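Structure record follows, encoded as structure tokens.
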Amino acid sequence: MSFPLLTVTAALPAVGAVATAAVPAARRTAAKWLALAVSLATLGLAVAVLVRFDPDGDRYQLTESHSWISDFGVRYELGVDGIGVALLALTALLIPFIVLAGWHDADPLETGSSRWRPTQGFFALILAVEAMVILSFEATDVFLFYIFFEAMLIPLYFLIGGFGDRAHQGGEETASTQRSYAAVKFLLYNLAGGLIMLAAVIGLYTVAGNFSLQEIAQARADGSLHMATSTERWLFLGFFFAFAVKAPLWPLHTWLPNAMGESTAPVAVLITAVVDKVGTFAMLRFCLQLFPEASKWATPVILVLAVISILYGALLAVGQRDIKRLIAYASISHFGFIIMGIFAMTSQGQSGATLYMVNHGISTAALLLVAGFLISRRGSRLIADYGGVQKVAPVLAGTFLVGGLATLSLPGLAPFVSEFLVLVGTFTRHPVIGIVATVGIVLAALYTLVLYQRTMTGPVKAEVAAMPDLRVRELVVVAPLIALLLFLGVYPKPVADLVNPAVEHTMSDVHKTDPKPDVEAAR
């Protein structure tokens with residue numbers, strides 16, 4: 001029996017979460033180091049998965065399959081394609097930085113406070129989320145995927161509601177109320193999507209007789225499994241709704257600004273750079289593969305919703321006064337680009353969307369974590385409370401600028417390549433949609449540069465005059481992310497070579513080929 005590498009990669013952070021939670025309360029520092037060690041070991045296993053994965057080999061590799069609930073056709077089936085491997089590696093890469101960035105975020109509050117923050121629980125919950133996200137990228141049994149798709153909501157609920165941002169403008173009672181509101185809103189939105197998906201999962205089993213993604217997709221392809229048009233469309237809508245909430249897509253997005261605004265910066269990174277990718281990943285793996293005709297039927301409406309997300313998120317980011325809420329609305333705009341690329345139904349669009357998932361994770365992590373370091377120094381999330389930071393903390397300001405320029409997809413930084421591919425892939429099949437979406441690029445430049453100008457330039461405000469620059473731990477967090485943005489900006493080939501074969505399989509699932517250029521019309 002071959003070594004179950006995928007199982008071990010997901011099981012290690014799960015076991016680490018239990019071990020971290022079990023560390024005695026008096027040994028907070030030991031819990032932090034244990035969580036960091038587990039996250040680094042998981043990253044090592046993710047590298048092993050990358051090394052063993054052959055982009056030109058079978059579609060799903062490192063597969064595992066075991067009987068689980070045989071009476072209902074549920075199996076423990078794992079396997080990864082190029083897209084899953086890329087996102088698994090992104091998750092494993094970001095978690096150590098999240099742990100390091102949140103090193104002091106769950107320390108006890110000041111002496112005399114009525115509340116204490118259980119440090120061990122904070123890091124254990126982060127590792128638990130990592131385990132469930134990794135299993136979501138690995139699962140090829142629909143029911144198994146659903147379990148972890150929903151289970152990750154529980155630790156996230158406690159991370160949002162129990163470990164909120166200390167830089168809150170209200171008092172302790174107001175801050176607690178707003179954190180609770182954000183956590184409950186996050187949970188209700190995602191549970192509603194999950195319940196609708198559960199109905200669709202049951203409906204799929206009724207039609208197909210099992211939950212195996214590969215078996216159902218193969219049966220659809222060879223014609224041995226036929227779905228009525230109306231049945232396929234209803235099942236597609238059930239899956240897509242849940243994924244659109246998680247992504248998040250307008251108008252199902254409203255939980256994200258609250259959740260990110262009230263979370264600590266590392267938890268905000270965990271939400272938008274890691275967990276939200278499960279939604280867009282699942283659109284590629286499940287919606288397009290299981291329901292190809294329904295996916296094409298729904299494409300016009302989804303593209304319109306994606307463009308609305310791009311423009312709506314960017315416009316609201318322009319008007320924000322809160323740094324973290326600005327980044328949240330910018331992420332809604334970016335997820336619009338990702339979803340637009342997926343449903344453009346071109347290889348350039350889907351390759352660009354997958355690259356965008358990876359690059360957005362890195363760029364948003366860099367910007368949000370530096371913003372978190374900035375906010376922790378000043379004790380405020382309001383843009384108006386800053387000014388002249390680059391004169392007193394030039395390294396902090398410089399890394400903040402690079403993260404911001406990556407967010408607006410500046411050429412030479414990683415997100416540019418993916419955004420360009422998405423727009424090219426969309427324009428070749430849906431030119432009007434592609435043209436309108438480019439307005440989002442202009443707005444991204446506006447909100448990013450205005451944010452930098454108002455916080456980093458101008459006269460030095462008295463409250464930031466003594467602000468220290470980035471410390472060694474913070475540089476260890478930020479420097480590798482900046483280096484990756486530069487490296488993938490000029491050489492995206494390693495990730496592109498990994499995901500392109502998987503994109504070709506997805507294009508084959510929906511029976512689409514890239515449109516040929518109309519040379520005569522161009523002339």
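Note that the coordinates shown come from a computational prediction; the quantities given were computed from them, not determined experimentally.
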Do [X] and [Y] have side chains that get closer than 4.5 Å, going by heavy atoms?
X	Y	result
Leu449	Tyr452	no
Ser295	Leu288	yes
Glu262	Arg179	yes
Phe373	Arg471	no
Ile332	Pro257	yes
Ile339	Trp250	no
Leu284	Gln350	yes

Under the rule for salt bridge (charged side-chain N to carboxylate O under 4.0 Å, His left out), what residues qualify as partners of Arg473, not counting sequence neighbours?
none
Give, for atom [atom1] of [X] and atom [atom2] of [Y], the distance between the pair rounded to the nearest 0.5 Å.
X	Y	atom1	atom2	result
Thr91	Phe137	OG1	CZ	4.5 Å
Lys185	Leu256	NZ	CG	10.0 Å
Ile342	Cys287	CD1	SG	9.0 Å

Which atoms form the tightest heavy-atom contact between Phe400 and Thr455, and what is the distance?
CE2-OG1, 4.1 Å
Can you give me the closest heavy-atom contact between Val80 and Arg285, atom names plus distance?
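Closest approach of Val80 to Arg285, heavy atoms only: CA-NH2, 4.1 Å.
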Could you check whether Thr407 and Tyr447, counting side-chain N and O atoms only, form a donor-acceptor pair closer than 3.5 Å?
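Their side chains do not contain a donor-acceptor pair, so the 3.5 Å distance test is not met.
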Going by the side chain to side chain contact (heavy atoms under 4.5 Å, CB included) test, name the single residue among [options] that passes it with [X].
X	options	result
Val395	Val370, Val478, Leu475	Leu475
Glu130	Ile134, Val133, Ile126	Ile134
Met340	Val304, Ile302, Val307	Val307

Donor-acceptor list for residues 235-248 side chains, cut-off 3.5 Å, not counting sequence neighbours:
from   : atom 1 : to     : atom 2 : distance (Å)
Lys246 : NZ     : Phe149 : O      : 3.2

Partners meeting side chain to side chain contact (heavy atoms under 4.5 Å, CB included) with Ala89 (sequence neighbours left out)
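By the side chain to side chain contact (heavy atoms under 4.5 Å, CB included) rule, Ala89 matches Leu50.
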Establish, yes or no, whether a centroid distance under 6.0 Å links the rings of His253 and Tyr312.
yes
May I ask you to say whether Arg377 pairs ionically with Glu474, meaning some side-chain N is under 4.0 Å from a carboxylate O?
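Result for this pair is yes, salt bridge flagged.
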